[in-house]
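Below, read A as the first sequence line, B as the second, and so on, with proteins coming before strands; counting in each chain starts at 1.
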Number of protein chains: 2
Amino acid sequence: MKNDKSKIPEHCKKYVQGVKDTQDLMSGKWKTVIIAALYNTGKFRFMELVRHIEGISPKMLSQELKDLEANNLIKRKVVDTMPIAVEYELTSYGKSLGNVVDAMSDWGMRYRKAVFAK
Amino acid sequence: MKNDKSKIPEHCKKYVQGVKDTQDLMSGKWKTVIIAALYNTGKFRFMELVRHIEGISPKMLSQELKDLEANNLIKRKVVDTMPIAVEYELTSYGKSLGNVVDAMSDWGMRYRKAVFAK
DNA sequence: AAAACTAGTTACGCATTGGTAAGTAGTTAC
DNA sequence: GTAACTACTTACCAATGCGTAACTAGTTTT
């Protein structure tokens, strides 16, 4: 056997597992966009997000926010004014996803330029 | 209006668009894993990938490889030996996704540690 | 000559995803 | 007092994603 790739090194498995875990937490059509929005602007109310993220419905936003909150990536805060306001922002975990979102955004912008340049 | 977030700054739109574009190209259950595998190891034949990526079926692998090739992220090379071999590797575009995959892997590994540490 | 390996393809089907539309409960502006 | 706003929820439906299993066509090993 000249080149046996059948044995997968441990660090490689961990590397891939990391990618999978991150992907799972950011799965679905809207989570990365929500995270990107909160990462850029800091704090948003529910309807602000609905208006800010074009195309999202209240149903999907609500669902995705719940998922993100369950994974401790964002925190939901009810401001007890009259009328009540609900604010969403990233937790420190959530903020640490900034690297990932930045990398995706950088790459995406460069790719788009390259594609349109042809 | 104290705090008008209704006007979305242009750079913010571009930022989010970048994230979306990247997400679209890496969508599905297997693309990031395939990219990570090729990024780590360089070159793989079809059946090597099937064995290396646990859980993937030939059908899904074939489908995802086609998608990735269509988006110019990987190249497929038929080595004209007897029997023929088919090699897959990242294009330079594909390699430039390394930052994204690295960021995802880093974050995922840290997150996993943090979750199990509790 | 049969079994096994290469690189896939095809048929089938269930389950998840995500969209539309409408409804709810409370508050407030006109 | 009625329309509109906030923060959602619910019901329903269509499309897609993804898995299983089997099959193909060529090559090679036994």
Q: Grouping I, L, V, M, F, W and Y whenever their side-chain heavy atoms are under 4.5 Å apart, do V19(A) and M109(B) come out in a common cluster?
A: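 Result: no, two separate clusters.
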Q: Within this structure, what is the CG-to-P distance between D80(B) and dT27(D), rounded to whole angstrom?
A: 11 Å
Q: To the nearest 0.5 Å, what is the distance between CG on L65(A) and CG on L38(A)?
A: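 Separation between the atoms: 7.5 Å.
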Q: Which pairs with one or both residues in residues 13-22 of chain A pass side chain to side chain donor-acceptor pair (under 3.5 Å), sequence neighbours excluded?
A: Y15(A)-D102(B), Q17(A)-D21(A), D21(A)-R112(B)
Q: Starting at the 5' end of DNA chain C, which residue's closest nucleotide do you reach first, I84(A) or P83(B)?
A: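 In this pair, the answer is P83(B).
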Q: Rounded to whole angstrom units, what separation is found between the CD atom of E87(A) and the C1' atom of dT6(D)?
A: 14 Å
Q: Between CE of M26(B) and CD of Q23(A), what distance do you get to the nearest 0.5 Å?
A: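 Reported value, rounded in 0.5 Å steps: 7.5 Å.
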Q: For DNA chain C, which residues of residues 54-79 of chain A approach it to below 4.0 angstrom with any heavy atom?
A: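 By residue number: S57(A), K59(A), M60(A).
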Q: If only side-chain N and O atoms of R51(B) are considered, is one of them under 4.0 Å from the OP1 or OP2 phosphate oxygen of dT6(C)?
A: yes
Q: Please name the nucleotide paired to dC30(C) by Watson-Crick or G-U wobble geometry with both distances under 3.5 Å, or report none.
A: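 Paired with dC30(C), as far as the under-3.5 Å criterion goes, is dG1(D).
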Q: Between dT6(C) atom C1' and F46(B) atom CZ, what is the distance in whole Å?
A: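 It works out to 10 Å between those atoms.
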Q: Atom NZ of K29(A) to atom P of dA15(D): distance rounded to whole Å?
A: 14 Å
Q: Using whole Å, report how far NE2 of H52(B) lies from C1' of dA7(C).
A: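 Checked: the NE2 to C1' distance equals 19 Å.
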Q: On the nucleotide dC8(D), are OP1 or OP2 found under 4.0 Å from the side-chain N or O atoms that R45(A) carries?
A: no
Q: Report the distance from atom CH2 of W30(B) to atom C1' of dC18(D), rounded to the nearest whole Å.
A: 10 Å
Q: Mind checking the OH-CZ spacing from Y93(B) to R110(A)? Nearest 0.5 Å is all I need.
A: 11.0 Å
Q: How long is the straight-line distance from OH of Y39(A) back to SG of C12(B), given to the nearest 0.5 Å?
A: 12.5 Å
